[in-house]
Amino acid sequence: FYQLQAAISAIHARAKDFGEIDWQEIVLIYERLLQITHSPILRLNQAVAMSYATSAEMALPVVERLQGELHRYQPYYAALANLLRRCHRSDEAEVAYLRAIELSSNGSDLAFLAAHLKQ
């Protein structure tokens, strides 16, 4: 399990910039992790990677299906908001950003989310 998580970290570390990240490889590693243990957080992380490997439109339904399990998890709403924004669903993205802000207690997270809310 930890070796797979380390492999994801290594992919990020090797990339010189965001555009060089091998998102498809990350999706596959998350699939292996999900075979080991069911976790809605791992599925959320996989969906975010999928959104960059394929498209936000393909990842959004996966994320939306997780809402029941992650309804109190701030990163869920931050990811949902990002995907909705990338799918040009601005009004829904705003609602998700506001929910992420409501669930945040970290000043850096709040500033990040507030900045993205204004975009």
Check whether L28 and L44 end up in the same hydrophobic cluster, where Ile, Leu, Val, Met, Phe, Trp and Tyr are linked by side-chain heavy atoms less than 4.5 Å apart.
-> no
Taking it one step at a time, do I26 and H12 satisfy side-chain contact (heavy atoms from CB on, under 4.5 Å)?
-> CA-CA 9 Å; I26 291 173; H12 284 290; 3.6 Å; yes
Same cluster or not: are L42 and V27 linked, directly or through other Ile, Leu, Val, Met, Phe, Trp or Tyr residues, by side-chain heavy atoms under 4.5 angstrom apart?
-> no
Interatomic distance, CD1@I41 vs OH@Y30, rounded to 0.5 Å, equals 10.5 Å
SG of C87 to CG of L80, rounded to nearest 0.5 Å, is 9.5 Å
By side chain to side chain contact (heavy atoms under 4.5 Å, CB included), which residues pair with E102, not counting sequence neighbours?
-> R99
Would a hydrophobic clustering, with Ile, Leu, Val, Met, Phe, Trp and Tyr connected at side-chain separations under 4.5 Å, put L33 with Y52?
-> yes
Please tabulate, one pair per line, all N/O donor-acceptor pairs under 3.5 Å involving side-chain atoms of residues 54-62, not counting sequence neighbours.
| unit_1 | atom_1 | unit_2 | atom_2 | d |
| --- | --- | --- | --- | --- |
| T54 | OG1 | M50 | O | 2.7 |
| S55 | OG | M58 | N | 3.1 |

One should read off an interatomic distance between L110 CG and Q74 CD, to the nearest 0.5 angstrom, of 8.0 Å
For E20, which residues count as a side chain to side chain contact (heavy atoms under 4.5 Å, CB included) partner, sequence neighbours excluded?
-> A15, K16, D17
Please assess W23 against F18 for the test ring-ring contact (aromatic ring centres under 6.0 Å, His included), listing each intermediate value before the final yes or no.
-> CA-CA 10 Å; W23 292 108; F18 189 82; 5.4 Å; yes
Working for side-chain contact (heavy atoms from CB on, under 4.5 Å), residues S51 and R86 | CA-CA 9 Å; S51 78; R86 291 169 49 205; 2.9 Å; yes
Report the distance from atom CD of Q46 to atom CD of E31, rounding to the nearest 0.5 Å.
-> 5.0 Å
CD1-CG distance between I101 and D109, expressed to the nearest 0.5 angstrom = 10.5 Å
Is atom CG of N106 surrounded by more than 12 heavy atoms (other residues, nucleotides or ligands) closer than 6.0 Å?
-> yes
Looking at residues at least two apart in the chain, or sitting in another chain, which of them share a side chain to side chain contact (heavy atoms under 4.5 Å, CB included) with P40?
-> H38, L66, E69, L70
Basic-acidic side-chain contact under 4.0 Å: R89, E64 | yes
Of all pairs that satisfy ring pair (Phe, Tyr, Trp, His ring centres under 6.0 Å), the ones with a partner from residues 88-107, not counting sequence neighbours = none
Do L84 and V95 sit in the same hydrophobic cluster, where Ile, Leu, Val, Met, Phe, Trp and Tyr count as joined when their side-chain heavy atoms come under 4.5 Å apart?
-> no
Decide yes or no for L98 and L113: does some side-chain heavy atom of the first lie under 4.5 Å from some side-chain heavy atom of the second?
-> no
With rounding to the nearest 0.5 Å, note down the distance linking CZ in R43 to CZ in R65.
-> 8.5 Å
Closest non-hydrogen atom pair between I29 and I11, with its separation | CD1-CD1, 3.6 Å
Name all pairs fulfilling the ring pair (Phe, Tyr, Trp, His ring centres under 6.0 Å) condition that reach into residues 59-78, sequence neighbours left out, sorted by first residue then second.
-> none
Distance-minimising heavy-atom pair for L34 and S39 | CD2-O, 3.6 Å
